[in-house]
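Note: hydrogens, waters and symmetry copies are ignored here, and every other heavy atom, side chains too, is used. Each ligand, and each atom within it, is numbered from 1 in the order the structure gives.
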Amino acid sequence: MNLLWDPWHASPEAAVRRGQAARLQQFLRDTVLPFSARYQKIFRERGLTAEDIASPDDLAKLPFTSKADLISPPEQPDRFREFIVVPDEKVLARRPGTIWSALWRGRAAVKKRFEAEFRPVFMTFTTGRSAEPVPFLYTGQDLAVLAAAGKRVMEVCGARREDRLLNAFPYAPHLAFWLTHYAGTEFGAMMFSSGGGKVMGTDGTLRLIKKLRPDDLIGIPTFLYHVLSQAVAEKVRCENLRNIVLGGEKVSDGLREKLRELAAELGAPGVNVLATYGFTEAKMAFAECPFAAGRESAGYHLYPDLGIVEIVDPKTGEPVASGHPGEIVFTPLMARGTVVLRYRTGDCVDGGLTYEPCPYCGRTVPRLVGRISRSSEVKEMNLDKLKGTLVDFNELEHVLDDAPHVGAWQLELRKTNDDPLERDEIILHVQKIDGGDEKQLSRDLSERCYRIADVHPNKILFHDLGQMQELQGVGTQIKEQRLVDHRPKVK
Ligand SMILES: [Zn+2]
């Protein structure tokens with residue numbers, strides 16, 4: 001079966017939309033409606049059939065699926081199973097295609113093919129801080145799609161087959177690590193996985209860098225920042241480093257600049273610092289193509305043959321026009337295993353979706369342009385209301401990443417005297433870089449936080465790199481922590 005468009009990145013907009021319409025209808029008719037308990041019910045309740053969804057625009061007839069829909073409530077601990085596509089052998093056996101294949105290739109071959117298509121063999125989990133992790137099941141076909149999507153990340157980032165790649169994502173049942181693993185395998189480059197801070201630590205990762213001198217470094221921004229800072233402190237050289245590819249957290253311009261500067265000190269000026277955007281529910285991630293320092297990113301290059309991205313008004317849920325900001329909604333086109341239609345990510349992109357050819361690489365795929373704010377994380381931690389004001393933590397993160405003389409940082413929430421009924425306190429922990437006066441920097445930071453996010457930190461504390469690593473849990477936490485909530489709960 002031909003799963004992918006070849007080439008995937010060179011069709012004009014009209015052809016992309018036509019191809020997506022055909023795929024969407026086939027996917028609903030042959031896979032989702034016959035075999036997904038959840039969507040059978042939804043279509044039935046609304047009196048819809050696959051024929052009613054004849055184009056990507058018709059998706060608006062379907063309700064969204066949100067994170068809350070996926071979490072199993074105590075009275076229904078297996079809710080995630082409703083989203084798994086479970087084929088009915090009798091239905092498959094009656095299909096003309098099945099009968100033909102059986103005649104041509106034999107029954108055993110047909111059985112094997114269906115197993116590869118439908119039998120779950122792998123899973124990852126969602127990564128929320130407080131919510132119960134939700135399993136996402138993959139079949140053999142899903143793994144093939146994961147590998148293809150991963151290979152495209154490599155292509156878009158401009159990796160080369162002769163490159164050596166260091167995958168520094170935490171070794172965990174999460175998308176980022178496994179996408180990178182399969183990407184390297186499919187792309188055919190030499191790749192080694194360090195397992196991130198918790199498995200090998202900063203020192204171990206640094207030893208690997210010294211020994212293997214990677215061309216491409218892939219991982220979580222906060223962790224890579226620590227590794228490269230330490231590398232600079234130890235006067236390590238890595239002149240052949242070409243790409244730093246980031247995932248798992250959003251990436252601000254300030255952090256990009258700091259990573260570029262660190263790479264330059266390792267003897268690799270002009271490194272590309274590229275972000276990726278992915279989420280468990282999509283079972284894939286999308287990348288930026290290289291662009292010169294000082295230019296704007298062209299955004300995340302989507303795979304129109306593998307999924308449909310809609311941008312909707314976060315308040316009304318109505319689709320918005322191309323180029324308008326809104327929330328990212330995803331529908332897969334080739335998924336098996338766990339299948340979620342119109343998944344509402346909770347992430348907003350401020351430049352929306354564009355179909356214009358990419359100004360840098362020329363690919364004609366749709367792109368997500370501008371800054372992506374992950375609102376979900378903030379909501380999970382109940383941070384949106386703090387000290388009596390609505391705090392925009394997305395803004396605050398950008399303010400701190402962009403601040404001069406600030407390396408790593410962490411925001412800690414406490415209560416005055418650790419009394420749950422007392423007022424909220426924000427403590428900002430900062431690693432000061434390239435000199436500067438602490439008092440002056442404190443004043444600047446406080447002023448910046450107030451101007452952008454309407455909140456003054458109660459205290460600003462300075463630390464060296466080692467202390468910051470300890471605070472952020474480098475080497476002890478799966479993912480380094482930039483926001484910690486130490487407020488005691490009311491009993
Ligand atoms: Zn591009």
Side-chain angles (χ1 to χ4, degrees), residues 4-17 19-20 145-161 163 165 176 179-180 183-184 186-189 215-218 221 241-248 250-253 255-257 259-260 263 270-279 282 284-311 322-326 328 330 333 345 347 349-372:
L4 308 165
W5 290 355
D6 185 25
W8 62 278
H9 50 66
S11 303
E13 181 179 350
V16 164
R17 287 186 188 271
Q20 285 187 325
V145 170
L146 177 71
K151 183 174 171 227
R152 290 176 182 183
V153 169
M154 299 285 165
E155 287 170 12
V156 171
C157 290
R160 301 169 304 190
R161 195 85 60 84
D163 281 358
L165 275 56
L179 179 113
T180 309
E186 182 79 4
F187 189 67
D215 304 277
D216 308 283
L217 208 51
I218 309 172
L241 186 63
R242 294 173 57 242
N243 291 309
I244 298 175
V245 180
L246 306 170
K250 62 181 176 293
V251 182
S252 65
D253 293 339
L255 187 65
R256 265 186 224 269
E257 201 37 54
L259 287 169
R260 277 199 198 101
V271 154
N272 297 308
V273 182
L274 303 171
T276 59
Y277 172 65
F279 43 97
M284 62 184 81
F286 314 104
E288 296 175 325
C289 64
F291 57 101
R295 303 286 295 271
E296 296 252 307
S297 160
Y300 301 97
H301 298 59
L302 304 176
Y303 318 133
D305 53 342
L306 300 180
I308 296 173
V309 168
E310 299 170 85
I311 305 297
S322 287
H324 283 69
I328 300 164
F330 183 82
L333 289 172
T345 58
D347 298 339
V349 59
D350 60 13
L353 189 70
T354 176
Y355 281 82
E356 296 293 314
C358 175
Y360 304 141
C361 71
R363 290 182 177 89
T364 58
V365 292
R367 282 172 291 124
L368 286 171
V369 183
R371 257 165 49 171
I372 293 180

Is any side-chain N of the basic residue among Arg371 and Asp347 closer than 4.0 Å to the acidic one's carboxylate O?
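Asp347 and Arg371: not salt-bridged.
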
Ring-face cation contact, Tyr360 with Arg295, 6.0 Å cut, 45° max:
no

Cation-pi between Arg367 and Tyr300: NZ/CZ under 6.0 Å from ring centre and within 45° of the ring axis?
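Verdict for Tyr300: no cation-pi partner in Arg367.
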
Protein N/O/S atoms closer than 2.8 Å to the Zn ion (ligand 1)
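Atoms qualifying: Cys289 SG, His301 NE2, Cys358 SG, Cys361 SG.
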
Interatomic distance, Met284 atom CE to Leu179 atom CG [nearest 0.5 angstrom]:
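Going from CE on Met284 over to CG on Leu179, the span is 9.5 Å.
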
Residues in side chain to side chain donor-acceptor pair (under 3.5 Å) with Gln20, at least two apart?
none

Name the orientation class of the two ring planes belonging to Trp8 and Tyr303 (parallel below 30°, tilted from 30 to 60°, perpendicular beyond 60°).
perpendicular

